[in-house]
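Inspection log for the structure reproduced underneath, given as structure tokens.
Protein chains get the first letters and strands the later ones, always in sequence-line order, with residue 1 at the start of each.
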2 protein chains.
Amino acid sequence: MEKPVVAVLGGTGNEGPGLAMRWANAGYTVIIGSRETEKAERIAGELREQLGLETITGMENRAAAQAAEICVLTIVAKAHRPAVESLKEVLQGKLVVDATARVKFPGAVPPEPPSAARIAQDILGNGATVVAAYQNVPASALRKALDQPVKSDVLVCGDDMEAVERVISLTEDGGMRAFYAGGLDNAVVVEGLTALLITMNKHYKGHGTIQIAGLNK
Amino acid sequence: MEKPVVAVLGGTGNEGPGLAMRWANAGYTVIIGSRETEKAERIAGELREQLGLETITGMENRAAAQAAEICVLTIVAKAHRPAVESLKEVLQGKLVVDATARVKFPGAVPPEPPSAARIAQDILGNGATVVAAYQNVPASALRKALDQPVKSDVLVCGDDMEAVERVISLTEDGGMRAFYAGGLDNAVVVEGLTALLITMNKHYKGHGTIQIAGLNK
């Protein structure tokens, strides 16, 4: 089966390129999206050079979304809502994967419900299917040893089980273990975990990740 | 240094005896508390027999709290608030460890803020210090191989760092890895994780636990 084209929107930060590298390395065609075409093209060029692959390109977010089947949102948390609103039209018909973790500073405070993914689903309406994933995966874990599994498990939350299964496959292709963890509203807990991990990282001066034990995958 | 006496209030369920066994096995004097003295005594007797130790006794919750320095709440979630209210007086001056995870059914829905531990602290006032811990630790993991580490890490949330450190020590003595994960309000995320684990356990037909990787302890 041919692999779907994946757009990583707001993909010029830390998380976006990490995910893009993993998927390109696994044989996916990946488009880095940004508000600025030039920036998207520049980052895509850097990743092509780094990986020795031609399958990563850069486009303005709208064009990137239009060209892809799966659109992963790695947008800065404070721009999440306006970005989803501005992309509403081009995201219709797409599988939208929301990686947003809204952590309030100072103090790394966990967000209150609803989850960012639920907010995105409400904005996009029934024409798009939102699934939440990747909120806790540190960019550093993604970028190293592309052929090795990522030591950070992914909790996948969504109301549409077919979409959830597609995201689990995408995630596993990227070298991460993925677990279905309930509906879209559960994603607020996963966002909150990011706040706790930030607190732990500061306290223990490390790079903590979440792993799930005891379940057969 | 002499080990503090630990009371496990509402300790006749699944979680309470599991924790009690671990601490008794590590040399703590443990009191199982229950609303019913007889039930507390019966469970304590069973644990004494099982462990071949005399350091577990059973008492009515109030008497158990009074005799202990550290009081761990393993009360059924729906009785959490009335139980804390009824124990308010005897919990003054105590280090209170709240293990409550409020999960709404059907559907294993994560709770909204504030955390159960914050609710307990608000009820108890400044005379007691509440720390949240053990919400995600499955009783089954506690009860097996008492001399082996528990394959479920503990996220410890509290506003008083001295109290947090005491709970971390208690937890590690019980064979669990413990991590400071921020203030008492963060505990709502840890409660929510229990809801996600229940969902995962059902979906994958297993016994999932959370582990933290990447931090040196």
Side-chain angles (χ1 to χ4, degrees), chain A residues 101 103-104 107-115 132 136 138 140-141 149-153 155-157 159 161 164-165 168 177-183 185-217, chain B residues 101 103-104 107-115 132 136 138 140-141 149-153 155-157 159 161 164-165 168 177-183 185-217:
Chain A
V103 176
K104 284 175 269 182
V109 177
E112 299 202 357
S115 64
N136 303 324
S140 58
V150 178
K151 284 182 184 149
S152 175
D153 290 341
L155 303 177
V156 179
C157 299
D159 296 336
M161 285 309 289
V164 164
E165 290 301 339
I168 287 176
R177 295 208 314 160
F179 295 89
Y180 168 65
D185 293 321
N186 281 11
V188 75
V189 176
V190 188
E191 288 186 72
L193 264 182
T194 301
L196 272 58
L197 282 167
I198 290 170
T199 303
M200 288 188 261
N201 287 345
K202 193 177 165 192
H203 190 77
Y204 295 104
K205 298 181 177 57
H207 300 279
T209 56
I210 298 288
Q211 296 186 333
I212 305 295
L215 296 180
N216 290 320
K217 282 289 295 176
Chain B
V103 176
K104 284 176 271 182
V109 177
E112 298 203 356
S115 63
N136 303 324
S140 58
V150 179
K151 284 182 184 147
S152 175
D153 291 340
L155 303 177
V156 179
C157 298
D159 295 337
M161 285 309 289
V164 164
E165 290 301 339
I168 288 176
R177 296 208 313 160
F179 295 90
Y180 168 66
D185 293 320
N186 281 11
V188 75
V189 176
V190 188
E191 288 186 72
L193 264 180
T194 301
L196 271 57
L197 282 167
I198 290 169
T199 303
M200 288 189 262
N201 287 347
K202 192 176 166 194
H203 190 77
Y204 296 104
K205 298 181 177 56
H207 301 278
T209 57
I210 296 287
Q211 296 186 332
I212 305 295
L215 296 180
N216 290 320
K217 283 289 296 179

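Enclosure of atom NZ in B:K104 by more than 12 non-hydrogen atoms of other residues, nucleotides or ligands within 6.0 angstrom is indicated. For B:H203, the NE2 atom sits in a packed shell: over 12 heavy atoms of surrounding residues, nucleotides or ligands are nearer than 6.0 Å.
Side-chain contact between B:T209 and A:I212: absent, with no pair of heavy atoms (C-beta onward) separated by less than 4.5 Å. Between A:N216 and B:Y204 the shortest side-chain heavy-atom distance does not fall below 4.5 Å.
Ranked by heavy-atom pairs shorter than 4.5 Å toward chain B, the options A:G214, A:A213, A:G208, A:P110 are led by A:A213. For the set A:S152, A:G206, A:G107, the entry with the most heavy-atom pairs within less than 4.5 Å of chain B is A:G206. Among B:D153, B:V109, B:L193, the residue with the largest count of heavy-atom pairs under 4.5 Å with chain A is B:L193. When each of B:E191, B:M200, B:E112 is scored by its heavy-atom pairs under 4.5 Å with chain A, the top score falls to B:M200.
At a 4.5 Å heavy-atom cutoff, the contact between A:L155 and chain B is made by side-chain atoms alone. The parts of B:N186 that come within reach of chain A are both its backbone and its side chain, each placing non-hydrogen atoms under 4.5 angstrom from that chain.
Here the CG atom belonging to A:L215 is positioned 7.5 Å from the CG atom belonging to B:L197, to the nearest 0.5 angstrom.
By the side chain to side chain donor-acceptor pair (under 3.5 Å) test, B:T194 pairs with B:N136, sequence neighbours left out. In this view, B:D185 and B:R118 satisfy the side chain to side chain donor-acceptor pair (under 3.5 Å) rule, not counting sequence neighbours.
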